[in-house]
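Everything numeric here is computed off the predicted structure, so don't read it as measured data.
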Amino acid sequence: WSFYYDTSFLCGTITGAVMAPERNAFTFFGPSACSNDTGIVLTVYLGPQVLDNDKSNITTNSVIFEYYDNVTQFDVFLSDLSLNFSLTIDSYEYGTGICKGRFSGFANTKSGGVAEIKNGKFAIQFPQ
């Protein structure tokens, strides 16, 4: 995973991905390469769409984006459904469980402001 905030580039690895039994929602997470104490969690709701075969170009605004800080116990960034934040699945291969896509939008900051998250990218593999 990776994304930009202002002029900062943040990235890391994905250590887990879980899909809902109905295949209409998923969560993935992983630590930042910049710091062992920060990382990302995205929870995505697909609504009527389900990942039950190969899919592409699925976009949803039902996304919760969290960039956490384990030292201060406050989220650096946290979106909510009142802010414009979206995720697009560019490709999902049912046979391999590999899902690739992008995300962007606005998230609350720990200082009370709103930050623009840009050019987010992810590649995950769901357990088979």
Side-chain angles (χ1 to χ4, degrees):
W1 61 266
S2 65
F3 67 90
Y4 285 89
Y5 161 65
D6 197 20
T7 58
S8 297
F9 178 71
L10 302 161
C11 64
T13 57
I14 294 172
T15 55
V18 180
M19 188 174 306
E22 299 82 11
R23 306 189 72 82
N24 63 351
F26 61 90
T27 297
F28 65 90
F29 49 88
S32 172
C34 306
S35 164
N36 290 333
D37 296 321
T38 60
I40 196 172
V41 179
L42 272 101
T43 299
V44 180
Y45 302 94
L46 300 174
Q49 293 279 353
V50 292
L51 298 177
D52 58 357
N53 55 39
D54 290 355
K55 301 275 179 148
S56 63
N57 299 317
I58 297 173
T59 299
T60 181
N61 291 321
S62 296
V63 180
I64 298 173
F65 166 81
E66 176 187 15
Y67 187 72
Y68 61 83
D69 179 347
N70 280 334
V71 173
T72 65
Q73 299 299 309
F74 289 101
D75 292 322
V76 178
F77 304 116
L78 180 63
S79 72
D80 62 50
L81 297 179
S82 71
L83 298 172
N84 183 16
F85 200 97
S86 67
L87 179 139
T88 298
I89 295 172
D90 292 322
S91 65
Y92 172 70
E93 297 175 9
Y94 183 78
T96 63
I98 294 174
C99 184
K100 296 178 183 179
R102 52 200 149 93
F103 57 89
S104 64
F106 296 90
N108 296 308
T109 66
K110 67 180 177 181
S111 62
V114 175
E116 184 176 8
I117 306 301
K118 299 183 282 188
N119 300 322
K121 296 179 183 175
F122 69 93
I124 55 181
Q125 183 169 18
F126 294 103
Q128 295 292 311

Do [X] and [Y] share a hydrophobic cluster (ILVMFWY, side-chain heavy atoms under 4.5 Å, transitive)?
X: Y4; Y: I14; result: no
X: Y5; Y: V76; result: yes
X: L83; Y: I64; result: no

Report task. Write out all pairs satisfying side chain to side chain donor-acceptor pair (under 3.5 Å) with one or both partners inside residues 80-90, taking only residues at least two apart or from two chains. Result ->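 Qualifying pairs, neighbours excluded: T59-T88, D80-S82, D80-N108, D90-R102.
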
Query raised in the report: Which pairs pass side chain to side chain donor-acceptor pair (under 3.5 Å) with one or both residues in residues 110-125, sequence neighbours excluded?
Result: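 Applying side chain to side chain donor-acceptor pair (under 3.5 Å) to every pair that reaches into residues 110-125, excluding sequence neighbours, yields T109-S111.
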
Interatomic distance, [X] atom [atom1] to [Y] atom [atom2] [nearest 0.5 angstrom]:
X: N53; Y: Y92; atom1: CG; atom2: OH; answer: 9.0 Å
X: I124; Y: T15; atom1: CD1; atom2: OG1; answer: 11.5 Å
X: K100; Y: S56; atom1: NZ; atom2: OG; answer: 13.5 Å
X: Y94; Y: C99; atom1: OH; atom2: SG; answer: 14.0 Å
X: I40; Y: W1; atom1: CD1; atom2: CH2; answer: 5.0 Å

**Report entry** Sub-4.5 Å side-chain heavy-atom contact between F122 and L87
**Finding:**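 Yes, close enough: below the 4.5 Å cut-off.
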
So which atom in [X] and which in [Y] form the shortest heavy-atom distance, rounded to 0.1 Å?
X: R23; Y: D52; value: NE-CA, 4.2 Å
X: F106; Y: S79; value: O-CB, 3.7 Å
X: A107; Y: I117; value: CB-CG1, 4.3 Å

Requested in this report: Take F74 and D69 through the test side chain to side chain contact (heavy atoms under 4.5 Å, CB included) and record every step on the way to the result.
Outcome: CA-CA 6 Å; F74 289 101; D69 179 347; 6.0 Å; no

Query - E22: side chain to side chain contact (heavy atoms under 4.5 Å, CB included) partners, not counting sequence neighbours - result: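 For E22, the residues satisfying side chain to side chain contact (heavy atoms under 4.5 Å, CB included) (neighbours in sequence not counted) are A20, N24.
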
Query - Set of side chain to side chain contact (heavy atoms under 4.5 Å, CB included) partners for L46, sequence neighbours left out - result: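 If we apply the side chain to side chain contact (heavy atoms under 4.5 Å, CB included) test to L46, skipping adjacent residues, the hits are F26, V44, Q49, L51, I58, T60, I89.
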
Query raised in the report: If you draw a 6.0 Å radius around NZ in K55, do more than 12 non-hydrogen atoms from other residues or ligands fall strictly inside?
Result: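 Atom NZ in K55 is crowded, with more than 12 foreign heavy atoms closer than 6.0 Å.
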
Query raised in the report: I98: which other cluster members, linking ILVMFWY side chains closer than 4.5 Å, directly or transitively?
Result: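 Hydrophobic cluster check, I98: no partners found.
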
Query raised in the report: Hydrophobic clusters join Ile, Leu, Val, Met, Phe, Trp and Tyr when side-chain heavy atoms are under 4.5 Å apart, directly or via other members; which others share one with F29?
Result: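 Grouped by the 4.5 Å side-chain rule, V41, Y68 form the rest of the cluster around F29.
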
Report task. I would like to know whether L81 and N61 meet side chain to side chain contact (heavy atoms under 4.5 Å, CB included); could you show each step before the answer? Result -> CA-CA 8 Å; L81 297 179; N61 291 321; over 6 Å; no

Query raised in the report: Mind checking whether F3 and Y67 have ring centres under 6.0 Å apart?
Result: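 They qualify: ring centres under 6.0 Å apart.
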
Query raised in the report: Knowing that exactly one of F77, F65, Y45 qualifies, which makes a ring-ring contact (aromatic ring centres under 6.0 Å, His included) with F85?
Result: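 That would be F65; it is the only one of F77, F65, Y45 passing the ring-ring contact (aromatic ring centres under 6.0 Å, His included) with F85.
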
